[in-house]
Amino acid sequence: MLGKGGKRKFDEHEDGLEGKVVSPTDGPSKVSYTLQRQTIFNISLMKLYNHRPLTEPSLQKTVLINNMLRRIQEELKQEGSLRPMFVASSQPSDPLSDSFREAQPAFSHLSPPPLLPPELVSTVPLESCLTPASLLEDDTFCTSPAAAQHDGPAKPPPAALHAVKDSFSSALDEIEELCPAPTSAEAAAAEAAAGDSKAQPGQAELAKAEGLPEGRTAEPKLMDPLPGNFEITASTGFLTDLTLDDILFADIDTSMYDFDPCTSATGAASKMAPVSADELLKTLAPYSSQPVTPNQPFKMDLTELDHIMEVLVGS
Amino acid sequence: ADIISTVEFNHSGELLATGDKGGRVVIFQQEQENKTQSHTRGEYNVYSTFQSHEPEFDYLKSLEIEEKINKIRWLPQKNAAQFLLSTNDKTIKLWKISERDKRPEGYNLKEEDGRYRDPTTVTTLRVPVFRPMDLMVEASPRRIFANAHTYHINSISINSDYETYLSADDLRINLWHLEITDRSFNIVDIKPANMEELTEVITAAEFHPNSCSTFVYSSSKGTIRLCDMRASALCDRHSKLFEEPEDPSNRSFFSEIISSISDVKFSHSGRYMMTRDYLSVKIWDLNMENRPVETYQVHEYLRSKLCSLYENDCIFDKFECCWNGSDRQVEFSALYIVVMTGSYNNFFRMFDRNSKRDVTLEASRENNKPRTVLKPRKVCASGKRKKDEISVDSLDFNKKILHTAWHPKENIIAVATTNNLYIFQDKLN
């Protein structure tokens, strides 16, 4: 923990995990980025909705957390808009489609996509990467997919990634259902259009480039179980109605977010379909030690997910 | 002891004021130098304590207004009394601190204990005289500047004209006259028409030390805007925008949050300004907007811990920074920079541009005996930990030094840990 004391066998631990992560498969890094993003997303939501102070919450903090959530939502939205391009080889509405098509021939050779802007292919050493909240002292995960890309053009295990992605997309859908009904979709659309950070297009490009290998092979799988899930956030993000008044004063059932990311224990999910909420939390808990047994409508490759979990926790 | 929330020397350095979370202000005074003990400067002892702000309740929003003192700023001394501005989230107060060491004795109509004499017993008249008494320091509120801020006040700054001052909250900056409490002018307003579009807030603001029309304000997106009040009544359009382009190799989810500027301070000459963001201190030349002239890493080893620091809210800690005492001639002749800022584990850092050195010191009673030279500390980021080094994982993130101050003339510094105030001076020969 970050408290005083707490000696660890820092070197051995780091070496062990580092050896596993720096593998040519690139899979764990990509997954870890998604997991990390999801973790940060959950933490941000918890911060906004669980905070019930006696005094007014800091506007600066609220704005920064809000921006974080919007950015992640934006990323997910752009990742979500990847899929329709493969299923329907017609004109996608996504403005990034042009560069997208250019990437296809590149990826058909499984070579590093040249469309990546050079500044994204970074030489970030693993030590300076982000730490997932539940692996507090573990520095072996990378922040941007760029660093992962740098390790090599290797394809991530497509089925596993597809499975993980699917669990997240359906998780997002469930969150969407559970959140209060959106009041102004226009605001969110305007926000999305405005775009937040400069590197956003870059990240989106990278995300979609990495989405290519999995998308291609995942396409048939995707078609069958989830015909309606192509666009994750489509026209209504789940932050459309995230006004500051809502954050401060809305009486939202936050029991779903009452969980410690380090454990898989679920909070009381009173208003939700119990089974799916529980399973949702278990899939979202980054380092669940229990095997996931989903009752979700889509199929998830359990063994693949377990394998990834093992790699991540080094157990 | 309560949590210290602000520390500020007055213009001569003789007085040091601290504000705390309970709304109290404690002022320390430096002893006059002892001629026989020339190897130490005067020590600071408690001079005055008073309750500046009380907690209030906003009935409209059903929320408490904290009495915590966010900032204290001294006015330059004009007469025997001292004046300072202290502010909480909503209200600014001007306090007069005056000494009383004489009192009148020998009234005709009153006894010495205050009881009134029977007028019929008065047979002679006398003139009352002043006799010395024990020193008493009184603090009285002279002005209360209220009801001008919807959001939380984060900065106050007195203008070089010594007549006006600004107060800044998250979205607006107001200009006041020290004599007028029922009116203030809004000079910056970044509130969007639709609050859902809000993505940036004001984090700090300061007047230029010499130019009474110029001020700067920093934002949560890492930008600093310099404004000139002569340009227009509402300074929404900046005259200069200081922003450093982001380093793409350091990009992460937390890039925006760690770029948020927590403090901005002009140098004494007014030619440079210093900003503090979560991981670094940057020195800017006012003539160059596109990047700082110097960047100092305060605790770069935290970059890999940002997710945890986000989870426990430490990433939102607002560290302040300060320049060393001024020696104006030296500063004009060269880029003379010595700055100080705080970190975690009760560490604070100093950067000296001239000697290109930086040092990490610790403010703690357990690890430092009084009147001994502080031992430099080192944090080991990764790999093998050398003897006397502290590993990043052993740092105590509850022990943070957010507020530091430097004596305006001498090398004496005040460092506030959570509950304690430390005063250090450089070793005299």
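So that the names make sense, note that chain A is the first sequence line, chain B the second, and so on, each numbered from 1.
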Quiz prompt | Part of B:Asn154 lying under 4.5 Å from any heavy atom of chain A | solution = neither

Quiz prompt | Side-chain heavy atoms of B:Tyr278 within contact of B:Leu306, under 4.5 Å | solution = yes

Quiz item: Can you find a side-chain donor-acceptor pair between B:Ser280 and B:Asp277 that sits under 3.5 Å?
Solution: yes

Quiz prompt | Qualifying residues under side chain to side chain contact (heavy atoms under 4.5 Å, CB included), relative to B:Ser391, sequence neighbours excluded | solution = B:Arg385, B:Asp393, B:Ser394

Exercise. Please flag which part of B:Glu300 lies under 4.5 Å from any non-hydrogen atom of chain A: side chain, backbone, both or neither.
Key: neither

Self-check item: Proximity breakdown for B:Lys68 and chain A, heavy-atom pairs closer than 4.5 Å
Solution: neither

Quiz item: So which part of B:Ser260 gets closer than 4.5 Å to some heavy atom of chain A, the side chain, the backbone, both or neither?
Solution: side chain

Exercise. May I ask you to check whether over 12 heavy atoms, not counting those of B:Asp236, lie within 6.0 Å of atom CG?
Key: yes

Self-check item: Centroid-centroid under 6.0 Å between B:Tyr344 and B:Phe319 rings
Solution: yes

Quiz item: Given a strict heavy-atom distance threshold of 4.5 Å, which part of B:Ile202 is in contact with chain A: side chain, backbone, both, or neither?
Solution: neither

Quiz prompt | Heavy-atom proximity to chain A below 4.5 Å, by part of B:Tyr310 | solution = both

